[in-house]
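To start, the structure itself, in structure tokens.
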Protein chains: 2
Amino acid sequence: MENPVKVLLYEDNRDLREGIAFLLQATPGLVLAGAFPHVNNLKSELHAYMPDVVLLDINMPGMSGLEALPIIKSLYPKTQVIMQTVFDDDERIFQAVRSGAGGYLLKNTPPAEIIQAVFDVYRGGSPMTSSVARKVLQYFQQPPKSHPADHLLSGRENDILKGLMKGYSYKLIADELNISIDTVRTHIRNVYDKLQVNSKTEAILKAMKEGWIDEKA
Amino acid sequence: MENPVKVLLYEDNRDLREGIAFLLQATPGLVLAGAFPHVNNLKSELHAYMPDVVLLDINMPGMSGLEALPIIKSLYPKTQVIMQTVFDDDERIFQAVRSGAGGYLLKNTPPAEIIQAVFDVYRGGSPMTSSVARKVLQYFQQPPKSHPADHLLSGRENDILKGLMKGYSYKLIADELNISIDTVRTHIRNVYDKLQVNSKTEAILKAMKEGWIDEKA
DNA sequence: GTTGCCATCGCATAAAGGTGTGATTATCAG
DNA sequence: CTGATAATCACACCTTTATGCGATGGCAAC
């Protein structure tokens, strides 16, 4: 193998930190660049050690791992970051993933797999605890959500709403559906009632939040 | 542990099929319900064996695993399906994920991990080869697109746009920012010019398409 | 110190949107 | 047949938006 993989470790729990640090040091092909209990000197440490991989705990005193992640990725985009946490709540996971996390391991991950994960992420993989992976996958599988509108709005009302979501004016919608503008008004009125909103904008925002980004009709 | 996990295996390569079948049989807590080289009798086999987990090869003569997957998930939504393939191209992965795949392993996965994956997926996890996981994560990381607005719109213009994206009226925005409604008009005018739109709705839709769903200011 | 951008405000007007009230027709379930 | 729902249209009235034209003060770059 080529150069050893330089790893930087952030973990506030002393025992854990020293344990992992020992493992990293003891593994051929890996080099422990540093191990710290907080990310308050993140920038200078990054600059000093130029790590290939950062193992980043999320819950730390001071700046959290979630805040540190985007900083790392903006300064050194090629550096791979593996998040570690005891929690697998959706919010954290998605924030981490959006910010460019290269891996996401729960704290119960056995040490051997952590080591494996470091190599994985370095080679371009994304090691993930399977429960975390499930949450990510579920995000894609959402589509099977039943169109709330299907049972709430009538067919025509749906047509009108789609028109709104395409940014059309009443007149344009009327033209497209070959009905009068007053009819469009009526339908929109009913849509607003059912969606409990009272403006085009609110209706669109609600429709999007509710799930239908509307698959290009 | 409770009842053993019933596994159904589809794999056209005979050696592989028999190898994995043997492993499954030999593992305590697992029961091999059946092993077949194709999915042409999928429905009857599903009905006969009621598997908890299906190991599904993608490339098979006749119907492919990708076609079989949605059938399985629609008939037995709770059945977990692990896809197996030699390819990790984006197209297949996303199709599988959208169709409800519970796991995705490349063919080079060592047997022990396959067994582990079966248990994982049965417990609600989503075992994934790390290179596959990477592709999935990259989907989320697209957002790292630089805020186009940041260089296009001035600070205040951005504030106003955010107001619009929250569904506020001019008056509400004016109140919130403590400026006059006429000032709001002016800013909005400029925003429209810069975004090349000419209505609230278009501006919002464009802003969203361009990327900034705007993380709760 | 002039030029340019930003943020602020005003006024006026036309177009688009929101809402109240009411009506006709068709269709479908009970 | 009757009642409920859906889709269509009309008119009136007021509010919100869109846009043209103009103006002032601050600030930073050149």
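Below, each value reflects all heavy atoms present in this structure, side chains not excepted, and no hydrogens, waters or symmetry copies. Within every chain, numbering begins at 1; the chains are lettered A, B, ... in the order of the sequence lines, protein sequences first and strands thereafter. Note that the structure is a prediction, hence the values are computed from the model and not measured.
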In whole Å, what is the span from the NZ atom of Lys171(B) to the C1' atom of dC9(C)?
16 Å
DNA chain C contacts made by residues 178-190 of chain A, counting heavy atoms under 4.0 Å
Arg185(A), Arg189(A)
Walking along DNA chain D from 5' to 3', note the first and the last nucleotide with an atom under 4.0 Å from a heavy atom of chain B, and give both.
dT17(D) to dC21(D)
Minimum heavy-atom separation for Thr129(A) and Leu105(A), please, with both atom names.
OG1-CA, 3.3 Å
Atom CD in Glu176(B), atom NZ in Lys166(B): separation rounded to 0.5 Å?
4.5 Å
Just grab all the ring-ring contact (aromatic ring centres under 6.0 Å, His included) pairs involving residues 51-98 of chain A, residues at least two apart or on different chains.
Phe94(A)-Tyr139(A), Phe94(A)-Phe140(B)
Charged N to carboxylate O under 4.0 angstrom, Asp193(A) versus Arg189(A)?
no
Under-4.0 Å salt bridge between Arg156(B) and Asp159(B)
yes
Could you give all pairs that pass the side chain to side chain donor-acceptor pair (under 3.5 Å) test and reach residues 48-59 of chain B, with sequence neighbours left out?
Asp57(B)-Lys107(B)
Note, Tyr104(B) side chain near Thr85(B) side chain (heavy atom, < 4.5 Å)
yes
Atom OH of Tyr192(A) to atom C1' of dT19(C): distance rounded to whole Å?
11 Å
When rounded to whole Å, the CD to C1' distance for the pair Glu202(B) and dG17(C) reads 15 Å
Tyr170(A) pairs by side-chain contact (heavy atoms from CB on, under 4.5 Å) with which of Ile160(A), Ile181(A), Thr183(A)?
Ile181(A)
Overall bend of the helix from dG1(C)-dC30(D) to dG30(C)-dC1(D) (five pairs an end, 10° steps) is 50°
Whole angstroms only, please: what is the CG-P distance between Asn198(A) and dG20(C)?
10 Å
Atom pairs and distances, donor-acceptor, side-chain atoms in residues 39-47 of chain A, under 3.5 Å, two or more places apart:
{"from": "Ser44(A)", "atom 1": "OG", "to": "Asn41(A)", "atom 2": "O", "distance (Å)": "3.0"}
{"from": "Glu45(A)", "atom 1": "OE1", "to": "Tyr10(A)", "atom 2": "OH", "distance (Å)": "2.4"}

Between Arg185(B) and Asp182(B), is the closest basic N to carboxylate O distance under 4.0 Å?
yes
Min side-chain heavy-atom separation Lys200(B)-Ile188(B) under 4.5 Å:
no
Whole angstrom is fine here: how far is it from CG in Asp193(A) over to C1' in dT19(C)?
10 Å
In whole angstroms, the gap separating P of dC5(C) from CD of Glu157(B) amounts to 12 Å
